[in-house]
Amino acid sequence: MVSYMGFLWLTLSLILSLISGFSLMSSSWFKTGNVSFGVFIQCSGVVSTPCNQTCTVYRTLEEIPDIFWQIAAVMLFGGWLLLSFGAVLVLSWTIIPTGLCQRRVCTPARYAQTAAVVVTVMGLLIFPVSLRSSFANQTCGSSYMYKSGSCSLGWGYMMSIITVMLSCFLPIIGCYNLNEVKTKILKNEITQNLMVCEDHILK
């Protein structure tokens, strides 16, 4: 049976993975007027009428306007994959024997989630460097590295920042969950040994 800490770890892992993927595919990382762009998509048109918007999806790295943008895209996508992989491992832990937690599932899940946080933070720091690109200059006016010009920060970027901040707690929760599992295994072993000793004494 999954403990409360394990249930919290599983729930947060799945939710944060979904939110991270949703914000990654958003076009609202930076926006100005009727133009907005994100990591993999840029849209133009009236925001209040999405059906009239024209959106372009970057399907390959070559289509992304700037080298730093490309690097950030790879890192952010890799961070999302690691976070999702960690969530899948935590989910699989709920259906396997408890004894396998530390060796095969719980520890790799914590490592994957830690790596996801590190890679995503680096991607979030590198992405604003692409504001110096010709595309960003045309869209945002006099934009430069970490200076968005006439563009404002969109909800997609802010949601990614909040998600990665919350993801920092996942490995910590996983560590507490692992300690709970170890304690339960130790108690079971002690109980079994005591029962064996009692049976031996009675005989």
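- For residues 118-155, the disulfide bond (SG atoms under 2.5 Å apart) pairs, not counting sequence neighbours, are Cys140-Cys151.
- A 6.0 Å sphere centred on CZ of Phe135 holds more than 12 heavy atoms belonging to other residues, nucleotides or ligands.
- Residues Ser150 and Thr32 come closest through the heavy atom pair O-OG1, 3.5 Å.
- In plain terms, the two heavy atoms of Val164 and Ile161 that are nearest each other are CG1-O, 3.1 Å.
- The two residues Trp29 and Leu24 make their nearest non-hydrogen contact at CZ2-CA, 4.3 Å.
- For the ring pair (Phe, Tyr, Trp, His ring centres under 6.0 Å) test, residues two or more places apart in sequence or in another chain that qualify with Tyr58 are Trp69.
- At distances below 3.5 Å, not a single donor-acceptor pair connects side-chain atoms of Ser20 with backbone N or O atoms of Leu16.
- Cluster annotation: Leu61 and Val39 are assigned to the same hydrophobic cluster (Ile/Leu/Val/Met/Phe/Trp/Tyr, side-chain heavy-atom contacts under 4.5 Å, transitive).
- Taking Phe22 as the reference, Trp155 meet the ring pair (Phe, Tyr, Trp, His ring centres under 6.0 Å) condition, with sequence neighbours excluded.
- Here salt bridge (charged side-chain N to carboxylate O under 4.0 Å, His left out) pairs that include residues 162-171, with residues two or more places apart or in two chains, number zero.
- Put simply, Val119 and Ile67 are part of the same group of oily side chains (I, L, V, M, F, W, Y) that touch within less than 4.5 Å, one to the next.
- The closest donor-acceptor contact from the side chain of Tyr157 to the backbone of Gly38 lies at 3.5 Å or more, if one exists at all.
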For this session: Please test Trp9 against Gln113 for side chain to side chain contact (heavy atoms under 4.5 Å, CB included), starting from the C-alpha separation and ending with a verdict.
Result: CA-CA 11 Å; Trp9 190 25; Gln113 291 171 340; 3.0 Å; yes
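- Among residues two or more places apart in sequence or in another chain, the side chain to side chain contact (heavy atoms under 4.5 Å, CB included) test is passed with Ile162 by Leu166.
- Residues in residues 118-138 take part in these salt bridge (charged side-chain N to carboxylate O under 4.0 Å, His left out) pairs, two or more places apart or across chains: Asp66-Arg132.
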For this session: Go through the steps for Asn34 and Ser44 under the test side chain to side chain contact (heavy atoms under 4.5 Å, CB included), then give the verdict.
Result: CA-CA 5 Å; Asn34 294 332; Ser44 58; 5.8 Å; no
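- Neither Leu91 nor Ile19 shares a network with the other; the hydrophobic side chains, linked directly or stepwise wherever heavy atoms of I, L, V, M, F, W or Y lie under 4.5 Å apart, form separate groups for each.
- No side-chain donor from either of Ser36 and Gln42 sits under 3.5 Å from a side-chain acceptor of the other.
- Looking at residues two or more places apart in sequence or on another chain, you find a side chain to side chain donor-acceptor pair (under 3.5 Å) between Ser23 and Ser160.
- Its side chain within the 4.5 Å cluster rule, Val57 clusters with Ile41 among the Ile, Leu, Val, Met, Phe, Trp and Tyr residues.
- Met165 and Met159 fall into different hydrophobic clusters, defined by Ile, Leu, Val, Met, Phe, Trp and Tyr side-chain heavy atoms under 4.5 Å apart, directly or through other members.
- Considering CD1 of Ile71 and CE of Met122, their distance stands at 9.5 Å, rounded to 0.5 Å.
- To the nearest 0.5 Å, atoms CZ (Arg59) and CD1 (Ile64) are separated by 12.5 Å.
- Taking Ser17 as the reference, Ser84 meet the side chain to side chain donor-acceptor pair (under 3.5 Å) condition, with sequence neighbours excluded.
- Between the CZ atom in Phe169 and the OG atom in Ser167 there is a gap of 10.0 Å [rounded to 0.5 Å].
- By the 4.5 Å heavy-atom criterion applied to side chains, Leu131 and Tyr144 are not counted as neighbours.
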Exercise. What do the steps show when you test Leu89 against Phe85 for side chain to side chain contact (heavy atoms under 4.5 Å, CB included), and what is the final call?
Worked result: CA-CA 6 Å; Leu89 286 178; Phe85 178 65; 3.5 Å; yes
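- Listed by chain and residue number, nothing satisfies the side chain to side chain donor-acceptor pair (under 3.5 Å) test with Thr120 (two or more places apart in sequence, or in another chain).
- Rounded to the nearest 0.5 angstrom, Leu82 CG and Met75 CE are separated by 10.5 Å.
- Ser133 contributes atom OG, which lies 12.0 Å from atom CE of Met145 (distance to the nearest 0.5 angstrom).
- You'll find the side chain of Ser27 stays beyond 4.5 Å of the side chain of Phe37, heavy atoms only.
- Listed for the Thr139 side chain is no donor-acceptor partner under 3.5 Å among the backbone atoms of Ala136.
- Screening residues 137-163 for salt bridge (charged side-chain N to carboxylate O under 4.0 Å, His left out) gives no qualifying pairs among residues at least two apart or on separate chains.
- The two residues Met158 and Leu153 make their nearest non-hydrogen contact at CG-CD2, 3.7 Å.
- Every residue meeting the ring pair (Phe, Tyr, Trp, His ring centres under 6.0 Å) condition with Phe77, not counting sequence neighbours, appears here in chain and number order: Trp80.
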For this session: Step by step, work out the side chain to side chain contact (heavy atoms under 4.5 Å, CB included) result for Ser152 and Lys31.
Result: CA-CA 5 Å; Ser152 59; Lys31 57 182 180 179; 3.6 Å; yes
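- Listed here is the closest heavy atom pair of Leu170 and Leu83: CD1-CD1, 3.9 Å.
- The hydrophobic clustering, which links ILVMFWY residues whose side-chain heavy atoms are closer than 4.5 Å, places Val121 and Leu76 together.
- Smallest separation of non-hydrogen atoms from Ala87 and Ser13: CB-O, 3.7 Å.
- Atoms CZ and CD1, on Phe7 and Ile173 in that order, are 12.5 Å from each other to the nearest 0.5 Å.
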